[in-house]
Structure formats: C-alpha cells, structure tokens
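Here's the structure we're looking at; comments come further down.
Chain letters run A, B, ... following the sequence lines, proteins first and then strands; every chain starts at 1. Please read all numbers here as calculations on a predicted model, not as lab measurements.
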Protein chains: 2
Amino acid sequence: MRLTANRIAGILRSHGYRLTPQRHAVLKAIASSNGHLTPDAILERARSLRSDISRVSVYRTLDLLGQLNLVCRVHAPDGCRSYMMTRPTGHHHHLVCTGCGRTVDFADCTLTELESRLSSETGFRTTGHILEVYGVCPTCDGSAESD
Amino acid sequence: MRLTANRIAGILRSHGYRLTPQRHAVLKAIASSNGHLTPDAILERARSLRSDISRVSVYRTLDLLGQLNLVCRVHAPDGCRSYMMTRPTGHHHHLVCTGCGRTVDFADCTLTELESRLSSETGFRTTGHILEVYGVCPTCDGSAESD
DNA sequence: AATATAATAGAAACAGCGTATCAATTACTT
DNA sequence: AAGTAATTGATACGCTGTTTCTATTATATT
C-alpha cells in the first residue's frame, strides 16, 4: 500500500515542517497518480488543485520529500527526473509502463549476488545500483493509452 | 576490448558519413577515457585536441554515434546523460565508480528470469531494463581521486 | 589536380529545466 | 491575538540542449 497525501502531511509536521496549502497540493498531485510524474506534470496537477503554486515550490517540495524518502525518482529512458510516492518498505525497484507511465513496485531484488560477484572480479567495493524494468501494461497493450 | 577511435572512424565512413576533424576529435575524446563523460567534458577534451569545436558538434556527433550503437549512455545518480564507448558486444551493463567515474562493463545479465516473473505477476509485457551498478574502484578506495 | 556537391561545420538565437536571491506572506507557537 | 521563523512567489540567472541558417569542407568524379 502506498502512502496517502494525508499521512505524508502528518509525517512532514512530525519532522517540524509546516503544512502549507502548496505542499499539500503537491502531495495530492503525486499521490493521485499511479505512475511517475515529471516536475512539470506535478506542477500542472497541483495547479489544478490550487492555482497559486509556483514551479519553485514544486522543486522545493520534491527536494524535501526526497530527503525524507517519501518520494523516489524514476529513471525513464528519456529522462531520469520523474517522481512517485515511495512505498513504506525500503529497497525496491520499478516496473514502468512505457505507454502510460503506470508504475508497479517490486521488492524482490536479486542483485546482491551479482554485486558480490562483480566486487570480487573487479575489486570495486559495490555500493548500490539503479534498476528499472520497462514494459507495456495490459491496458496499453490493448492499443488505447490512459493515465 | 573496446573500440578505438580509428576503428570507429572506419565504421563511420563505411556508413557513408564523413570523417571530419571535429568528429575525430570527439571520438578520441571519448575513446581516451576509461569512464563515462558528460557532453561538456567531451567538449572540453575534444577542444584540447582541436580548438575549433562547438558544443553543437559534440551533441550531433553523440547522436550519430548513439544511432550506430557506438556509444552508450550511462545513468549516474546525478544525471543520465553521460557517454562512453560501447564494447563490440551487445547487451551489457556498467559498474561505475562514484569516485572517478571509471566504468567497467559486464555482460552476464541475470534479469531475464526476473522479467518473466514480473510479467506473469503483473500482466505487463516487459520490454527491457536499465541496470547500473555503483561502487568505488580500488584506486579511489585508497582515498585519492583520479581519472 | 581541379571541380562539383552534398554533408557538415559554427554562430547565433532560442527554449526548457533547475537554482539562487530576496522581500512579502503565513503557519504555527505562545 | 501577537510574534516569529519558515515558506512563499517573483525575478533573474545559469546550464543544457536544440533549431536555423549560412559558410565551409570532405569526398566523389572528372
């Protein structure tokens, strides 16, 4: 289950951050999507909820949420600055629909073996990885696109 | 073994493209690195070989090389537009040093299982993936940084 | 070697994304 | 209700990448 905008609002306040209408709109914008969103798409959605939101606030809110690990970035083939809500769990990866952007998380990551093998073969001390899997979701596979 | 600048020059010509001094300088700039380079870093290196190279030409050459699969993009945590020479082989991934950028390719990709499992679990028709592994190379692990 | 020509170059202007600065506003504490 | 520190938007800026256009040039042909 993914974090709702309201729960995140509570988390923000518990960390001493203010809950402004702008932040709330950004939260709702991100939480209302089942896929990843670019900062620009987030701005657009947030503006439909509250018209007086600036681009700057979107970036600031994204930075803040990123620091608190409440949103995570999605690396798409055409750009690596899209965001979506982080699930409560820790390490995970994304299965991204290249048609509509719908994104599914998965947590079973089989890369620790690979990392240790690479480590012993190269002498590198491995520290992490990016993994994004791409595909076409059932809906998009039936031709029409949606979001 | 990685492609040399001269071999790539031959490939370009065999595809009907001209071998201009600018392109050659860009090729040498990329080939002379053992890591991934941003377009800006490539411009800088190419300029040290030949002063009259414009930023536009770097981008154009990168596009061309990308179409021919002679360079590939490296997704780093801070940006996804770095380039390095492609090895002659096909599907592969990168182990990237976060200290100096040195990059090692590896071809044993264990993700087809994961993809088919995800596919049957989600209904997505998987089409590919990005995988970049990060680490610290032996040199950088001994404190000083180099390139 | 000279010529023709299509490809390629750089200059300049532009567009988009993200950030820094700063005065005005406002969410929250008391 | 008032005080205050956090937060906001406006503005300006810088960086990255692209488009357009004219001049140049690598190559094929003679």
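The residue among G16(A) and R13(B) whose nearest nucleotide of DNA chain D lies closer to the 5′ end is G16(A).
Checking dT19(C), dT8(D), dG17(D) against every side-chain atom of T20(A), the shortest atom distance belongs to dT8(D). Considering only side-chain atoms of R60(B), the nucleotide from dT21(C), dG17(D), dA9(C) that sits closest is dA9(C). Among the nucleotides dG9(D), dG10(C), dT8(C), the one closest to the side chain of Y17(B) is dT8(C). Considering only side-chain atoms of R18(A), the nucleotide from dA27(C), dA9(C), dG17(D) that sits closest is dA27(C). Among the nucleotides dT7(D), dA27(C), dG17(D), the one closest to the side chain of P21(A) is dA27(C). Closest to the S54(A) side chain, of the nucleotides dA12(C), dG9(D), dT7(D), is dG9(D). Considering only the side chain of R23(A), dT8(D) comes nearest among dG17(D), dT8(D), dG10(C).
If you measure from atom NE2 of H15(A) to atom P of dC28(C), you get 16 Å, rounded to the nearest angstrom. Between L43(B) atom CG and dA11(C) atom P there is a gap of 11 Å when expressed in whole angstrom units. At whole-Å resolution of the value, CD in Q22(B) and P in dA26(D) are 8 Å apart. Note: CG (D63(B)) to P (dA9(C)) measures 12 Å, nearest angstrom. Rounded to whole Å, the distance from OH on Y59(A) to C1' on dC15(D) is 13 Å. One interatomic measurement links the two molecules: CG of L19(A) to C1' of dT7(D), which rounds to 12 Å at whole-angstrom precision. Rounded to whole angstrom, the span from the CG atom of D52(B) across to the P atom of dT8(C) amounts to 17 Å. One atom, CG of L12(B), and another, C1' of dT8(C), lie 13 Å apart when rounded to the nearest Å.
Side-chain atoms of H75(B) and E132(B) include no donor-acceptor pair closer than 3.5 Å.
Under the 30°/60° scheme for interplanar angles, the aromatic rings of F106(A) and H93(A) are found to be tilted. Aromatic ring orientation, H94(A) versus H92(A): perpendicular (interplanar angle above 60°, classes split at 30° and 60°).
The salt bridge (Lys or Arg N to Asp or Glu O under 4.0 Å) pairs that include a residue from residues 116-128 of chain B are D108(A)-R117(B), D141(A)-R125(B), where partners are two or more places apart or lie in different chains.
On a pure distance criterion of 3.5 Å, a polar donor-acceptor pair joins the side chain of R55(A) and the base of dG18(C).
Close placement of the H129(A) and H91(A) rings is indicated, their centers lying within 6.0 Å of each other.
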